[in-house]
Amino acid sequence: MAEIDMGVYNRLFPYYIEACAVTQYHKRGAKPGGWGGHATIFMSGAEIDPGAGYPRLRLASAGADLPSSDSGVGVSVNQIFTNVNWVAVPGRLDFFRGGLGAEQVLDDSFYEAAVHRATSAGWFDGIAVRDALVRQKPPGMPLQEFVVRHSIGTDFAMNFARTAYCARQPLAREALGKVIAYLNAVNESARKRGYIWDAYTNNCSHVVHNAVAAAGVWDPKEARSPGPTSVMRDVMSVAKAIALGRMSDFSFPANTFVRLYEAGNERPIEDAVAASRNHDVARTMSDGWLSTGPGALIATYPMHDGDRNRLFAAGRDPFLFSVPMLWDKEEKFRRLTRTPPSAVTDLYANLTHFRDRYLKALATQPANNGDTFGERFRERLAQELQRTQSLIAEYRVLDGANRG
């Protein structure tokens, strides 16, 4: 999917959230980074609020150039921050690639240019970091540049050092507004009370998961303060999750990636009875939409090629929490990141796949009388079929124009 025409995709799906699980950071000659990997978000339809004085987002105006292949904003949490939770970087190219072309060499010269460009852009304005880290700042180096140097390869220019595995969920404009409101509230809270990262109870994946939850895709997780009591409460949440068929409060990047793929592709849409028993489907139906539908693609944005990468070595895949015989996701993660089916990587294949699923579901779904879930579900499927057929027609026009 990294190679599909993002201009075409953005025209068909102008609002979406993309949750990414990112591999381990490993600078050549240095100790590798954390075993858990990293989690980030990329959103189309959002933009940075330039007047806030610290990282804050807003919905792009309805007339903005959303179809641009480089539109959108990336959001990343960093454990070194103390007065904000996350930083925002505009544009897909800078967020993932750091402006680096596939044929270019990543060396000290390009790296330094990327640092200075990010510093000059002001993306990290207003961000404070841990005192212990500040004491390592070289004399005369501006604090903002120092923060950028500890963020490159993690909060922007990720593909300098990491591969990103991403799952995309198209949203309505209103739902994306709820995501933005949640993220702004998190940073506002950090501005007032401070931010303390914790690997188990309050990490980057908690923010990504809860941003998706704000759109109504699934239930939120509780992010807790550090300490053994909080960890024990997270452990207890696992048993509760198993008993109720919900999610625990533990959060890991790779799990969030797999779950968002499942939300976009595997929730029951062929069977109204199964759909009515699915807690998340029932919620989205109540909100007037279904998360499983066209546009829910996955993508791999690979680390810069090793033959042209003088600075970083490939790190391990992000940790995946899996429960054999109950919630075994290792095989699914491996398939999605190594040999994914075309229905989740090729836009046209994805559109026709969902058209056929809707046709099959409507052919087997009995018509009901009265205001029952089954009747409303059938109506929703009919609406989604009509929308998907329109998307296919528009795709053919746009693809033909590009080829012409």
Side-chain angles (χ1 to χ4, degrees), residues 20 22-23 25-30 33 38 40-43 46-57 68-164 187 204 301-313 315:
C20 303
V22 186
T23 58
Y25 181 98
H26 187 187
K27 196 163 189 177
R28 294 186 186 274
H38 184 48
T40 66
I41 303 168
F42 190 84
M43 292 178 290
E47 62 186 19
I48 295 173
D49 182 349
Y54 69 100
R56 187 175 175 84
L57 301 173
S68 168
S69 61
D70 196 41
S71 65
V73 174
V75 169
S76 178
V77 174
N78 196 316
Q79 62 177 295
I80 68 173
F81 299 160
T82 59
N83 69 334
V84 298
N85 185 290
W86 52 264
V87 66
V89 174
R92 180 177 291 278
L93 182 59
D94 276 321
F95 186 61
F96 287 105
R97 299 291 303 163
L100 181 64
E103 301 303 316
Q104 291 181 282
V105 174
L106 176 57
D107 54 15
D108 288 331
S109 177
F110 195 98
Y111 185 89
E112 289 299 317
V115 167
H116 289 293
R117 186 158 56 89
T119 304
S120 300
W123 301 332
F124 292 80
D125 283 354
I127 295 179
V129 297
R130 295 175 181 174
D131 290 341
L133 184 62
V134 173
R135 288 194 288 270
Q136 301 174 23
K137 183 177 74 68
M141 179 181 288
L143 177 61
Q144 189 177 355
E145 178 186 337
F146 183 72
V147 175
V148 167
R149 290 185 179 279
H150 283 269
S151 296
I152 188 169
T154 295
D155 302 316
F156 75 102
M158 281 185 295
N159 294 150
F160 282 13
R162 307 170 186 261
T163 292
N187 258 11
C204 53
Y301 303 103
M303 176 181 166
H304 194 62
D305 180 69
D307 291 338
R308 298 180 176 86
N309 196 329
R310 305 286 187 265
L311 304 181
F312 296 95

Q: Between Thr82 and Ala128 (side chain of the first, backbone of the second, donor and acceptor by atom type, cut-off under 3.5 Å), is there such a pair?
A: yes

Q: Asn78 side chain to Ser151 main-chain N or O, any donor-acceptor pair under 3.5 Å?
A: no

Q: Taking the side chain as every heavy atom from C-beta outward, state whether Phe96 and Cys20 have any atom pair closer than 4.5 Å.
A: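 A side-chain contact under 4.5 Å exists here.
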
Q: Establish, from distance only, whether the side-chain atoms of Asn85 and Asn187 form a donor-acceptor pair under 3.5 Å.
A: no

Q: Do Thr40 and Met158 have side chains that approach each other closer than 4.5 Å (heavy atoms only, starting at C-beta)?
A: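 Yes, their side chains come closer than 4.5 Å.
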
Q: For Asn309 and Phe160, indicate whether the former's side chain and the latter's backbone hold a donor-acceptor pair under 3.5 Å.
A: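 Between the backbone of Phe160 and the side chain of Asn309 there is a qualifying donor-acceptor contact (under 3.5 Å).
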
Q: If you define the side chain from C-beta out and look only at heavy atoms, does anything of Phe124 sit under 4.5 Å from Phe81?
A: yes

Q: Can you tell whether the side chains of Arg56 and Glu47 come within less than 4.0 Å, N to carboxylate O?
A: no

Q: Classify the ring geometry of Tyr25 against Phe312: parallel below 30°, tilted from 30° to 60°, perpendicular beyond 60°.
A: perpendicular

Q: Indicate whether any N or O donor in one side chain lies under 3.5 Å from an N or O acceptor in the other, for Thr23 and His38.
A: no

Q: Check salt bridge (Lys or Arg N to Asp or Glu O under 4.0 Å) between Asp107 and all other residues, then give those that pass, not counting sequence neighbours.
A: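 Asp107: no salt bridge (Lys or Arg N to Asp or Glu O under 4.0 Å) contacts found.
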
Q: Quick one, Asp125 and Gln144 - any side-chain contact, counting heavy atoms below 4.5 Å?
A: yes

Q: Going by distance alone, is a donor N or O of one side chain under 3.5 Å from an acceptor N or O of the other, for Arg149 and Tyr111?
A: no

Q: With no hydrogens and no angle check, is any side-chain donor or acceptor of Asn159 less than 3.5 Å from a backbone partner on Tyr301?
A: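 A pair under 3.5 Å: yes.
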
Q: Would a 4.5 Å heavy-atom cut-off, applied to side chains only, mark Thr119 and Glu145 as touching?
A: yes

Q: Within the side chain of Asp70, is there an N or O that forms a donor-acceptor pair under 3.5 Å with the backbone of Leu93?
A: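 At least one qualifying donor-acceptor pair exists.
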
Q: Looking at Ser68, is its backbone amide N or carbonyl O close enough to the side chain of Ser71 to form a donor-acceptor pair, meaning the two atoms are under 3.5 Å apart?
A: yes

Q: Please answer whether the main-chain N or O of Gly101 pairs with a side-chain N or O of Gln104 as donor and acceptor at a distance below 3.5 Å.
A: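 Side chain of Gln104 to backbone of Gly101: a pair is present.
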
Q: If only atom types and distance count, is the side chain of His116 paired as donor or acceptor with the main-chain N or O of Ser120 below 3.5 Å?
A: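 Such a contact is absent between His116 side chain and Ser120 backbone.
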
Q: Would a distance-only check, ignoring hydrogens and angles, find a side-chain to backbone donor-acceptor pair under 3.5 Å from Arg162 to Gly153?
A: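 Judged by distance alone, yes, a pair lies under 3.5 Å.
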
Q: Do Arg97 side-chain atoms and Leu100 backbone N/O form a donor-acceptor pair below 3.5 Å?
A: yes

